[in-house]
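As a basis for the values below, the full set of heavy atoms in this structure was taken, side chains included, without hydrogen atoms, waters or symmetry mates.
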Amino acid sequence: MKSFIEGFKEFALRGNMMDMAVGVIIGGGFTGIVTSLTDNFINPILNLVTRAEMYTFRDLARFASRFASDLVNFLILAFVLFCLIKGINKILSFGQKKEEPAAPATKKCPYCLSEIPVQATRCAHCTSVLEQGADRTER
C-alpha cells in the first residue's frame, strides 16, 4: 500500500501534471473574464448599435463594476494559485540536496586563448609552457 501511495504522489506532483492542473484552473478563471467581457461590454454595445435596448448611466456603471469584479476575482485566483505552487515546490525541495557546480574541465591558454584541459602543463595548440607547468619543471 505504501508503494502505491508513493507512486501516486510521484505521479500527481510531477512537473507535467502540475502544469496541466494550473492550466485547467487558470483556463476556468479566464473563462469567467471572457464571459463577463461578452455580457457586460460586447452585448450592450451591440444592443446600442442595433437599437434593441437603451441603457442608462447606472446600467453602464453596473456593467463596468461586474467586469471589474470578475477581473479582480481572476487576479486573486492567479495569486493564490501562484502561492500554492510556490509552497508545494518549497516543500518538495526540502529533501533534496543542492547540487554543487562541477569543477571546470577546461581552461583557456593565456597565450593563444584556445581551450585546453585543466591538467595540461603545455598548450596543445601553441605548445607554450603554461605557468603551472613552468613551476613544476623548475623544481
Side-chain angles (χ1 to χ4, degrees):
M1 184 67 174
K2 234 179 199 182
S3 64
F4 176 77
I5 293 172
E6 289 294 321
F8 180 74
K9 185 173 93 173
E10 181 182 333
F11 167 75
L13 297 177
R14 193 172 38 184
N16 295 340
M17 186 63 81
M18 294 297 286
D19 293 342
M20 187 175 72
V22 168
V24 168
I25 293 170
I26 292 292
F30 194 71
T31 300
I33 290 177
V34 172
T35 302
S36 179
L37 179 70
T38 304
D39 292 345
N40 295 314
F41 283 109
I42 296 174
N43 285 345
I45 290 172
L46 290 175
N47 286 339
L48 281 174
V49 169
T50 61
R51 297 179 190 242
E53 196 170 337
M54 297 303 287
Y55 297 107
T56 64
F57 285 115
R58 179 175 286 165
D59 293 334
L60 297 177
R62 188 180 64 224
F63 292 148
S65 69
R66 285 181 189 164
F67 180 73
S69 174
D70 288 337
L71 186 62
V72 168
N73 286 341
F74 174 76
L75 293 175
I76 290 171
L77 172 78
F79 179 73
V80 168
L81 193 60
F82 170 75
C83 292
L84 184 67
I85 295 298
K86 194 164 180 85
I88 288 172
N89 288 339
K90 185 165 235 151
I91 288 171
L92 291 177
S93 69
F94 277 136
Q96 298 176 351
K97 294 180 181 178
K98 291 185 179 178
E99 294 182 20
E100 295 182 17
T106 61
K107 62 182 177 181
K108 289 200 180 259
C109 173
Y111 303 104
C112 68
L113 300 178
S114 60
E115 295 265 336
I116 55 173
V118 173
Q119 296 85 12
T121 57
R122 196 175 273 268
C123 179
H125 302 281
C126 67
T127 67
S128 299
V129 176
L130 302 176
E131 293 175 12
Q132 290 177 344
D135 291 341
R136 291 182 189 163
T137 55
E138 291 177 1
R139 290 183 190 168

Between [X] and [Y], which heavy-atom pair has the shortest distance, and what is it?
X      : Y      : answer
Tyr111 : Ser128 : CD1-CB, 3.3 Å
Ala120 : Lys107 : O-NZ, 3.7 Å
Pro110 : Leu113 : O-CD2, 4.5 Å
Ile85  : Met18  : CD1-CE, 3.4 Å
Ala124 : Ile116 : N-CG2, 4.3 Å

Notebook entry, point to check: How many angstroms lie between atom CG of Leu130 and atom CD of Gln119, to the nearest 0.5 angstrom?
Noted result: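 Going from CG on Leu130 over to CD on Gln119, the span is 12.0 Å.
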
Next item on the list: Drop me the distance from Asn43's CG to Leu46's CG, to the nearest 0.5 angstrom.
Entry: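 If we round to the nearest 0.5 Å, Asn43:CG and Leu46:CG are 6.0 Å apart.
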
Next item on the list: Not counting sequence neighbours, which residues clear salt bridge (Lys or Arg N to Asp or Glu O under 4.0 Å) with Arg62? List them please.
Entry: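 By the salt bridge (Lys or Arg N to Asp or Glu O under 4.0 Å) rule, Arg62 matches Asp59.
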
Item checked: Partner set under salt bridge (Lys or Arg N to Asp or Glu O under 4.0 Å) for Asp39, not counting sequence neighbours ->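 Scan of Asp39 (salt bridge (Lys or Arg N to Asp or Glu O under 4.0 Å), adjacent residues dropped) gives none.
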
Item checked: Ser114 and Cys123: CA distance, side-chain angles, deciding distance, side chain to side chain contact (heavy atoms under 4.5 Å, CB included) verdict -> CA-CA 8 Å; Ser114 60; Cys123 179; 3.7 Å; yes

Next item on the list: Examine Ile45 and Leu37 and state if one hydrophobic cluster contains both, with Ile, Leu, Val, Met, Phe, Trp and Tyr joined whenever side-chain heavy atoms are less than 4.5 Å apart.
Entry: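 No: no chain of side-chain contacts under 4.5 Å links Ile45 to Leu37.
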
Using distance only, find each side-chain donor-acceptor pair of residues 70-83 under 3.5 Å and give its atom names and separation, not counting sequence neighbours.
residue: Asp70; atom: OD2; partner: Ser36; partner atom: OG; Å: 2.8
residue: Asn73; atom: ND2; partner: Ser69; partner atom: O; Å: 3.4

Next item on the list: Could I get the full list of side-chain hydrogen bond (donor to acceptor under 3.5 Å, both in side chains) partners for Glu115, not counting sequence neighbours?
Entry: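 Result, side-chain hydrogen bond (donor to acceptor under 3.5 Å, both in side chains) vs Glu115: Thr106.
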
Item checked: By side chain to side chain contact (heavy atoms under 4.5 Å, CB included) - contacts of Thr31 (at least two apart) ->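 Scan of Thr31 (side chain to side chain contact (heavy atoms under 4.5 Å, CB included), adjacent residues dropped) gives Thr35.
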
Check: Quick one: hydrophobic cluster around Phe63, which other residues, with the 4.5 Å side-chain cut-off, linked directly or via members?
Finding: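 Joined to Phe63, directly or through intermediates: Leu48, Met54, Tyr55, Phe57, Leu60.
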
